[in-house]
Amino acid sequence: MNSTHEQINITTTWAKKNQAALEGGGTSRQEKQLESGKKTARQRLELLLDPGSFEEIDRLATSQFIQNQAHKEYTDGVVTGFGTINGRKIAIYAQDFTIRGGSLGARHAEKICKIMDMAAKVGCPIIGLLDSGGARIDEGIHALSGYSKIFMRNSRYSGVIPQISVILGPCAGGAVYSPALTDFIFMTEHISQMFITGPQVIEQVLHEKVTKEELGGSSVHGTKSGVAHVISSSEEACFASVKQLLSYLPGNYCEATPGITSFKPSDTQDLQALVPENSSQGYDMLHVIQALVDQSTFDKSSFFELQASFAANIITGFARIDGSVVGIVANQPLVKAGTIDIDASCKAARFIRVCDSFGIPIISLVDVPGYLPGIDQEHNGIIRHGAKLLYAYATATVTKITVILRKAFGGAYIVMGSKELGTDFNFAWPQAQIAVLGAKAAVTILHGKKLAQASPDDRREFQKTLESEYQATFLNPFVAAEYGYIDSIIAPNETREHVMKALRICKDKVELLPKKKHGNMPL
């Protein structure tokens with residue numbers, strides 16, 4: 001029997017002999033990867049993780065279907081293990097495109113499933129760095145089974161641990177459904193692509209020519225499909241964004257979100273000055289958010305926006321207020337007047353569900369004239385998709401705080417975190433307008449016949465008088481406050497103070513939903 005010293009020597013000799021195979025698919029393939037503008041799997045891990053923190057597992061794994069055992073491809077095209085990011089534990093896997101194009105086979109999938117299971121056991125986020133040609137054709141049903149096992153774990157661990165997908169190359173066919181099941185998707189310009197059916201198949205079947213970038217590049221998924229949450233200009237910038245996102249997330253659903261020392265805005269802005277008195281005049285809600293949330297040590301807003309270029313009529317993202325992590329949902333008057341449409345409903349509903357999964361309070365900033373009208377919206381299912389947002393707010397048990405800045409009309413008032421949907425604190429600014437309709441539309445419906453019978457000159461004056469009466473009677477927050485639908489009418493510049501107090505009051509909030517297997521969310 002060999003001594004320990006002899007065993008170490010044997011292991012060292014073996015490692016030196018197989019060093020090239022342990023590092024990836026060989027020098028030529030690695031150089032080709034770098035020439036294409038992409039980093040290798042191990043370079044990516046070095047960029048993302050704290051130095052020296054990576055503990056690799058299954059490094060010697062090989063495919064059981066390789067015929068020529070003399071040329072084993074260690075890791076089987078995916079590097080898996082644990083590491084830390086800013087001192088916090090994470091699980092990670094990085095597909096290696098230099099080994100068989102990062103394609104997924106049975107052993108490759110087993111490694112991913114193993115690290116996912118371990119992440120759930122130890123309660124830490126899991127990050128997938130995806131760069132793969134898809135299913136390994138020569139492994140047939142075994143590759144498809146591997147994807148199925150990954151999808152099962154994506155679904156089972158949803159809401160248990162944060163799941164983050166970083167697309168750093170092609171992600172095609174069934175492979176796209178694993179990222180789609182995760183909480184957040186990051187993409188990088190020029191190197192990331194996601195699509196179910198590739199350009200070649202589309203050309204053969206539909207006789208339409210399209211490039212990979214036009215079909216499923218980062219721009220498409222950042223602006224049109226809404227698949228991607230963050231788009232970056234480089235891999236370095238992408239990893240910086242991943243690190244920033246993680247700073248807002250707990251390790252698992254039982255943990256509290258990371259807290260830091262609160263940094264108040266360095267220059268207390270006049271919130272009221274940011275919002276025009278004229279209710280039909282647009283303004284940038286992002287300025288209001290930045291004035292409301294904490295600032296970092298470098299006088300930078302703590303707000304981290306998600307899906308910034310998709311459904312821009314609603315804003316979603318994480319921030320800190322009084323040092324605590326919050327989720328922000330806000331109407332954006334600069335885009336479509338802040339109306340709610342299909343895409344905005346889906347975007348906000350998904351974000352609210354993520355916040356609720358991981359115990360993150362939801363702050364809603366409301367300035368909404370209603371749902372976006374139109375035949376396309378109706379025919380494409382605004383009823384069904386709009387109901388998603390209602391369902392998300394109504395079933396969320398985390399702290400919910402709503403501030404109505406200006407307009408809150410009709411069904412859009414209800415859906416944006418109204419008191420009736422279980423919101424804990426509902427505030428309104430004095431100029432807030434809460435009603436079924438705006439003055440002009442309401443007067444037209446209520447007094448249409450009288451207006452039609454009046455002369456043109458009288459009609460204009462009559463219209464102005466009726467609108468003034470309607471505004472005085474209905475378009476103010478006082479009626480809503482009298483009946484308890486609004487908890488307090490607050491001065492705009494005191495908004496941050498009231499939100500902080502509400503967060504402190506609700507810190508230990510416990511709310512239980514009726515016992516059931518699960519609800520039937522409108523999908």
Side-chain angles (χ1 to χ4, degrees), residues 275-282 285 313-314 329-333 335-342 344-345 348-349 364-375 377-378 381-394 400-423 425-452 459-460 462-490 522:
V275 181
E277 290 186 13
N278 183 349
S279 61
S280 62
Q281 186 177 341
M285 182 66 82
N313 43 324
I314 204 159
V329 179
N331 306 112
Q332 174 56 288
V335 182
K336 299 180 182 178
T339 53
I340 298 173
D341 59 5
I342 289 171
S345 298
S364 303
L365 303 178
V366 182
D367 189 349
V368 59
Y371 282 92
L372 181 68
I375 296 171
Q377 287 290 307
E378 298 292 348
I382 184 61
I383 295 172
R384 175 166 52 89
H385 294 294
K388 294 176 184 178
L389 187 51
L390 280 166
Y391 191 95
Y393 267 117
K400 294 178 286 190
I401 300 168
T402 295
V403 182
I404 301 175
L405 280 62
R406 211 166 56 168
K407 299 185 295 295
F409 293 156
Y413 152 76
I414 299 171
V415 77
M416 283 298 298
S418 61
K419 176 64 71 175
E420 295 75 15
L421 294 185
T423 303
F425 281 92
N426 288 67
F427 301 115
W429 288 5
Q431 66 265 42
Q433 300 178 344
I434 306 170
V436 175
L437 290 170
K440 188 172 183 179
V443 166
T444 300
I445 292 173
L446 294 172
H447 304 284
K449 289 184 178 179
K450 291 182 180 179
L451 288 169
R459 188 183 304 141
R460 281 191 291 271
F462 192 27
Q463 177 93 25
K464 286 177 64 177
T465 301
L466 292 172
E467 286 182 15
S468 296
E469 291 176 357
Y470 183 85
Q471 288 175 353
T473 306
F474 298 106
L475 285 189
N476 62 68
F478 298 98
V479 174
E482 287 174 6
Y483 286 92
Y485 303 127
I486 295 297
D487 294 303
S488 184
I489 298 171
I490 62 174

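Residue numbers start at 1 and run along the sequence shown. This is a predicted model, so every value here is computed, not measured.
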Any side-chain heavy-atom pair from [X] and [Y] closer than 4.5 angstrom?
X	Y	answer
Leu405	Leu365	yes
Ser279	Lys407	yes
Val329	Met416	yes
Glu420	Tyr413	yes
Ile434	Tyr485	no

Can any side-chain N or O of [X] pair as donor or acceptor with the backbone N or O of [Y] at less than 3.5 Å?
X	Y	value
Asp367	Asn331	no
Thr423	Ser418	yes
Lys400	Leu421	yes
Asn313	Val335	no
Arg406	Glu277	no

(request) Name all residues meeting the side-chain contact (heavy atoms from CB on, under 4.5 Å) criterion together with Glu482; count only those two or more places apart in sequence or in a different chain, and write none if there are none. (result)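 So Glu482 forms no side-chain contact (heavy atoms from CB on, under 4.5 Å) with any residue.
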(message) Could you work out, with side-chain contact (heavy atoms from CB on, under 4.5 Å) as the rule, every residue matching Val436, not counting sequence neighbours?
(response)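 Val436 satisfies side-chain contact (heavy atoms from CB on, under 4.5 Å) with no residue once adjacent residues are dropped.
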At what distance, to the nearest 0.5 angstrom, does [atom1] of [X] lie from [atom2] of [Y]?
X	Y	atom1	atom2	answer
Lys388	Ile342	NZ	CD1	9.0 Å
Thr402	Phe427	OG1	CZ	9.5 Å
Ile340	Leu389	CD1	CG	6.0 Å
His385	Asp341	NE2	CG	10.5 Å

(request) Please test Phe409 against Gln433 for side chain to side chain contact (heavy atoms under 4.5 Å, CB included), starting from the C-alpha separation and ending with a verdict. (result) CA-CA 8 Å; Phe409 293 156; Gln433 300 178 344; 3.5 Å; yes
